[in-house]
Amino acid sequence: HGEVYVTEDGAECDLDLGHYERYTGQVMSKNNSVTAGRIYHSVISRERQGDYLGATVQVVPHITNAIKQAITRVSEKGAVDVVIVEVGGTVGDIEGLPFLEAIRQLRNELGNENVLNIHLTLVPYIRAADELKTKPTQHSVGKMREIGLQPDILVCRTEREFSHTVRDKIAQFCNVPAHAVIQALDVKDVYEVPLALNKQKLDQTIIKMLKLECHDHDLDSWRIDVVERARKPKYEATIAVIGKYIKLQDAYKSIYEALRHAALSHDIALEIKRIDSEQLDDDNVATALEGVDGILIPGGFGQRGIEGKLGAVKYAREKKIPFLGICLGMQCAVIEFARNVCGLKDANSTEINTDTPYPVISLLEEQEGVKVMGATMRLGANPTTLKRDTKAYAAYQKDVVEERHRHRYEVNNVYVEQFEKAGLKVSGHYVKDGHTLVEIVELKDHPWFVASQFHPEFISRPGQPNPMFQDFMRAALDFVQASGGKKKASRIKEQV
């Protein structure tokens with residue numbers, strides 16, 4: 001339903017894990033993502049190895065034991081005080097029942113003082129009756145109690161603030177203290193959520209219930225550096241994000257978040273213009289990109305929408321508009337440069353055209369002969385060595401950076417010398433076993449045209465934007481100011 005998030009150790013997982021990394025500042029691993037398929041596979045593999053000594057393998061205890069082991073495993077390494085477990089789906093879903101049963105067992109095994117059940121529920125507002133309805137919450141909690149789980153805290157999603165009467169009603173019918181009924185009101189900005197929950201003392205309630213000893217916390221930096229900056233921007237800029245999955249709201253979630261982090265650091269009110277690359281061609285690219293202050297082409301796979309992306313790259317290169325290419329976006333930058341600057345007509349990636357006369361993008365050597373596609377790409381964090389006196393080095397201010405990858409194809413080194421002579425510089429590379437991979441390219445005669453094979457969006461955080469995105473946004477702001485600047489839109493005034 002959205003992007004594939006990649007952890008430092010190369011796990012491909014749901015985008016929600018990216019939210020957890022961004023909000024907590026903790027680095028996740030493959031142990032932090034547990035799916036039903038992974039659990040069943042591990043149990044079947046153990047049964048085939050004879051680990052169960054011929055016993056009949058059942059959901060209880062074998063599947064539930066595997067789930068409990070997966071939950072406790074994340075606390076075995078490092079100083080972990082609290083493990084947050086999200087059981088996805090809806091209470092009553094067949095596929096989720098083994099997980100909920102494992103949670104029930106954990107409470108019995110670890111004790112009430114060591115396990116806290118927080119149930120997220122919905123309190124819908126019926127506009128025609130001008131009334132909030134608590135029945136869905138009552139039924140949801142009733143379903144949980146049927147399977148042996150009693151929520152300790154209810155977090156109620158609602159678009160309207162409810163009264164003490166409604167709160168008391170929920171508390172009484174759901175068997176929770178009134179102070180443990182938390183309103184998760186809709187907010188204008190997702191970064192306001194921690195402040196809203198803190199205002200209702202959710203954090204203090206959790207600490208008290210788990211009998212934790214904690215230092216006084218301070219959310220001032222979050223309030224000032226994130227929320228207040230978002231409310232009171234000084235500038236505005238428009239960034240075009242061009243991809244073929246644009247219609248899916250969460251397809252480029254980490255990209256959008258990283259752009260916001262960078263915009264906040266420069267006090268910019270960010271407008272993201274989402275453009276479907278399949279709808280772009282030579283006739284409309286100028287119209288589609290008119291008025292943008294930066295162009296970003298994210299990762300992706302396959303032939304669909306490629307020509308539209310190449311047209312956008314050419315427009316950014318010729319019009320001197322700040323450009324950031326990521327993964328496939330970098331490969332598109334190389335293909336466009338090869339075709340239109342180096343004169344290599346019909347240059348392409350072998351992923352797109354296996355018979356191209358100029359395979360400027362080709363399959364990674366380690367990917368040749370791979371038949372099983374799942375989890376076999378180049379994945380996770382790898383080091384990139386940066387060249388001094390480049391835009392990439394100016395952004396990172398480091399000789400070596402670690403960024404996360406997810407790709408099968410690379411720049412063909414046969415053409416690198418030709419590219420550099422024509423003005424496309426390799427500013428970052430990776431060397432292993434004598435084989436060099438191109439990690440970053442940039443144009444010499446362009447204000448800011450940088451593209452990376454890795455995905456810098458995955459390690460961007462609110463208040464700590466990724467350097468690549470931060471410098472891209474600085475270049476976009478320079479472009480705005482060089483163009484005479486813009487007046488703040490009325491939508492920004494309303495937001496303030």
Side-chain angles (χ1 to χ4, degrees), residues 15-16 18-26 155 157-161 182-207 214-239 241 249-250 252-274 293-294 296 322 324 395 397 456-481 485-496:
L15 62 87
D16 287 344
H19 289 310
Y20 290 131
E21 282 209 341
R22 283 188 283 270
Y23 273 85
T24 66
Q26 301 296 308
V155 177
R157 284 296 307 271
T158 175
E159 61 177 287
R160 291 289 185 94
E161 186 173 1
I182 306 297
Q183 297 188 52
L185 276 165
D186 291 350
V187 292
K188 291 182 179 179
D189 191 321
V190 69
Y191 293 139
E192 295 178 19
V193 171
L195 300 180
L197 297 178
N198 169 254
K199 187 177 180 180
Q200 297 182 73
K201 301 181 180 179
L202 173 60
D203 44 1
Q204 295 181 31
T205 302
I206 292 172
I207 289 168
C214 300
H215 299 292
D216 290 337
H217 60 279
D218 184 3
L219 291 178
D220 283 347
S221 60
W222 184 274
R223 181 181 292 104
I224 296 169
D225 296 336
V226 180
V227 176
E228 292 298 329
R229 278 178 178 263
R231 288 176 178 170
K232 300 176 181 179
K234 297 177 182 177
Y235 315 101
E236 70 166 4
T238 301
I239 303 296
V241 175
Q249 180 178 340
D250 290 333
Y252 304 110
K253 190 62 177 177
S254 290
I255 293 285
Y256 300 147
E257 291 297 304
L259 284 171
R260 283 211 63 200
H261 304 159
L264 287 173
S265 72
H266 293 291
D267 293 314
I268 295 174
L270 175 66
E271 179 184 354
I272 297 177
K273 188 174 184 179
R274 297 167 172 84
D293 308 304
L296 188 152
L324 175 59
Q397 294 293 306
E457 70 270 22
F458 289 146
I459 62 171
S460 186
R461 306 285 181 263
Q464 294 179 308
N466 180 277
M468 187 80 86
F469 276 86
Q470 189 171 26
D471 212 41
F472 171 58
M473 196 59 64
R474 176 203 53 76
L477 182 57
D478 289 344
F479 184 84
V480 169
Q481 294 173 336
K486 298 180 181 179
K487 293 182 179 179
K488 290 183 180 180
S490 59
R491 61 182 174 81
I492 300 173
K493 294 179 181 177
E494 292 170 3
Q495 186 182 19
V496 173

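For the numbers below, each heavy atom of this structure counts, side chains included, while hydrogens, waters and symmetry mates do not. Because the structure is a prediction, the values reported are computed rather than measured.
The salt bridge (charged side-chain N to carboxylate O under 4.0 Å, His left out) test applied to Asp478 returns Arg474, not counting sequence neighbours. For Arg461, the side chain to side chain contact (heavy atoms under 4.5 Å, CB included) partners at least two apart in sequence or on another chain are Tyr5, Glu21, Arg22, Arg404, Gln464.
For the pair Arg231 and Glu192, the salt-bridge criterion is met [side-chain N within less than 4.0 Å of a carboxylate O]. A salt bridge links Asp186 and Arg157; the closest N-O separation between the charged side-chain nitrogens and carboxylate oxygens is under 4.0 Å.
Glu236 places no side-chain N or O within donor-acceptor distance of the main-chain N or O of Glu271, the cut-off being under 3.5 Å. Between the side chain of Trp222 and the backbone N or O of Gly463 there is no donor-acceptor pair closer than 3.5 Å.
Rounded to the nearest 0.5 Å, atoms NZ (Lys199) and CG (Leu219) are 13.5 Å apart. The distance from atom OG of Ser265 to atom CG of Leu477, rounded to the nearest 0.5 Å, is 10.0 Å. Taken to the nearest 0.5 Å, the CG atom of Asn198 stands 4.5 Å off from the CG atom of Asp203. Atom CG of Asp250 is separated from atom CG of Leu15 by 5.5 Å, given to the nearest 0.5 angstrom. Summarising the geometry, atom CG belonging to Asp293 is positioned 9.5 Å from atom CE belonging to Met473; distances are rounded to the nearest 0.5 Å.
Taking both residues in full, the closest heavy atoms of Pro322 and Ala475 are given as CG-O, 3.6 Å, listed atom of the first, atom of the second, then distance. Here the shortest heavy-atom pairing between Ala237 and Ile268 reads N-CG2, 3.6 Å. In terms of heavy atoms, Leu195 sits closest to Val227 at CD1-CG2, 3.6 Å. Considering every non-hydrogen atom in both Thr238 and Lys273, the closest pair reads CG2-CB, 4.2 Å. Taking all atoms of both residues into account, the shortest heavy-atom contact from Gln183 to Thr158 is OE1-CG2, 4.4 Å. Scanning all heavy atoms of the two residues, the minimum distance from Leu296 to Phe472 falls at CD1-CE2, 4.3 Å.
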Practice prompt. For Val226 and Leu264, run side chain to side chain contact (heavy atoms under 4.5 Å, CB included): C-alpha distance rounded to whole Å, both residues' side-chain angles, the deciding distance at 0.1 Å, then the answer.
Written response: CA-CA 7 Å; Val226 180; Leu264 287 173; 4.1 Å; yes

Worksheet entry | Pair Arg274-Tyr256, side chain to side chain contact (heavy atoms under 4.5 Å, CB included): steps then yes or no | CA-CA 10 Å; Arg274 297 167 172 84; Tyr256 300 147; 3.3 Å; yes

Fill in: side chain to side chain contact (heavy atoms under 4.5 Å, CB included) between Glu457 and Phe469, intermediate numbers included
CA-CA 8 Å; Glu457 70 270 22; Phe469 276 86; 3.8 Å; yes

Item to complete: Test side chain to side chain contact (heavy atoms under 4.5 Å, CB included) on Leu324 and Ile239 and set out the steps.
Response: CA-CA 10 Å; Leu324 175 59; Ile239 303 296; over 6 Å; no

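Only one option out of Glu257, Arg260, His261 pairs with Ser460 in a side-chain hydrogen bond (donor to acceptor under 3.5 Å, both in side chains); it is His261.
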